[in-house]
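Here's the structure we're looking at; comments come further down.
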Amino acid sequence: MKNLGSVMVAYMIGWGVFFIYFVTVARRTAELRKDVERLKQSLTRGK
Amino acid sequence: MMAKLLGAAAVVLLLGASAYGAFFVAPNELTMGIVQRIFYLHAPCGMVALSAFLVCFVGNLGYLFKREPKWDWLAVSAAEVGLAFCTVVLITGPIWAKPAWGVYWAWDARLTSTLVLWLLYLSYLILRTMVDDPDRRALISSFYGVFIFLDVPLVYGSIWWWRTQHPQPVVFTSGGLNPEMRKIFYLSWLSLTALMALLIRQRYELEATRAEAQILAREAEAV
């Protein structure tokens with residue numbers, strides 16, 4: 001089982017990078033969607 | 001929404017199956033032992049990164065010919081996702097190299113061209129932050145994106161054209177890989193390609209929503 005630690009670290013970092021990237025993009029999209037809704041409401045109120 | 005959730009669940013299942021295969025099904029490699037299992041993450045990630053950069057290239061060409069923003073959204077989405085995969089390649093490679101070669105890094109053709117590729121696509125994303133006008137940004141980055149894609153065939157061909165510290169190809173050659181290992185490799189490749197598609201789609205949606213927000217903001221200013 002020599003080097004098992006290296007294998008675990010490689011997989012954890014690999015999946016970690018993808019997970020963090022996915023969460024970051026999802027959060028940025030959710031924030032923009034809120035902005036879009038807010039802008040739509042303000043435009044509707046303005047008309 | 002339901003289709004998106006099902007798609008994400010399928011990707012998670014595929015990734016879980018490939019991890020199970022890499023840890024519990026794949027046989028131990030005789031020379032390197034257990035550390036060779038990094039191969040099932042490292043090598044497919046490299047191939048998926050190159051695929052994502054190919055999608056970016058198609059997006060850049062699409063924008064240059066059609067001048068429609070959707071091509072630029074595709075290009076930037078694929079560039080960012082490709083960079084994420086390339087980052088994983090550049091991290092997992094040295095973790096594997098240390099026990100296998102005795103050093104974390106060697107300045108050979110494959111490793112150096114991959115590092116250059118990572119820097120080029122990072123500069124592509126930095127370049128985009130420097131231009132405010134969306135049309136001008138898309139045009140400049142499309143030209144640059146087509147130019148930097150030249151490094152992709154160089155990365156792919158480096159282990160065929162030059163003698164490198166990095167191993168010679170084992171996947172697309174006869175007898176290079178144990179059949180059991182080959183199956184696990186293909187499963188990992190499939191699961192990571194599915195992950196790439198999911199991430200590009202998610203990132204594309206971000207770009208489309210941003211464009212919608214910009215249009216609405218301009219309308220709100222005009223009112």
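Naming: A, B, ... by sequence-line order, numbering from 1 per chain.
Among residues 78-87 of chain B, the residues having any heavy atom closer than 4.5 Å to a heavy atom of chain A are, in sequence order, B/Glu80, B/Val81, B/Ala84, B/Phe85. Inspection of non-hydrogen atoms places B/Leu192, B/Leu195, B/Leu198, B/Leu199 of residues 192-199 of chain B under 4.5 Å from chain A.
Within a 6.0 Å sphere centred on CH2 of B/Trp118, heavy atoms belonging to other residues, nucleotides or ligands number 12 at most. Remark: B/Leu30 CG is loosely packed, at most 12 non-hydrogen atoms of other residues, nucleotides or ligands lying under 6.0 Å away.
One distance of note links CZ of B/Arg218 with CG of A/Leu39; it measures 12.0 Å at 0.5 Å rounding. If you take CD1 on A/Ile13 and OG1 on B/Thr92, they are separated by 9.0 Å, rounding to the nearest 0.5 Å. Taking CZ of B/Arg203 as the reference point, atom OG1 of A/Thr29 lies at 8.0 Å (rounded to 0.5 Å). To the nearest 0.5 Å, atom CZ of residue A/Arg33 and atom CZ of residue B/Arg210 are 13.5 Å apart.
Interface remark: B/Phe23 contributes side-chain atoms only to the contact with chain A (heavy atom separation under 4.5 Å). Heavy atoms closer than 4.5 Å to chain A are found in both the backbone and the side chain of B/Ile38. When heavy atoms are compared at a cutoff of 4.5 Å, A/Val7 approaches chain B by way of both its backbone and its side chain. For A/Ala26, the parts sitting under 4.5 Å from any heavy atom of chain B are the backbone and the side chain alike. Heavy atoms of A/Phe22 lying under 4.5 Å from chain B belong to its backbone as well as its side chain.
The two residues A/Ala10 and B/Ile95 come nearest to each other via the heavy atoms CA-CD1, 3.9 Å.
In this structure, the side chains of B/Leu206 and A/Leu32 come closer than 4.5 Å at one or more pairs of heavy atoms. Between B/Thr209 and A/Val36 there is a side-chain heavy-atom pair separated by less than 4.5 Å.
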A/Lys40 and B/Glu212: CA distance, side-chain angles, deciding distance, salt bridge (charged side-chain N to carboxylate O under 4.0 Å, His left out) verdict = CA-CA 10 Å; A/Lys40 276 181 181 169; B/Glu212 191 185 355; 3.4 Å; yes
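Using a distance-only test at 3.5 Å, with no hydrogens or angles considered, a donor-acceptor pair links the side chain of A/Tyr11 to the main chain of B/Arg37.
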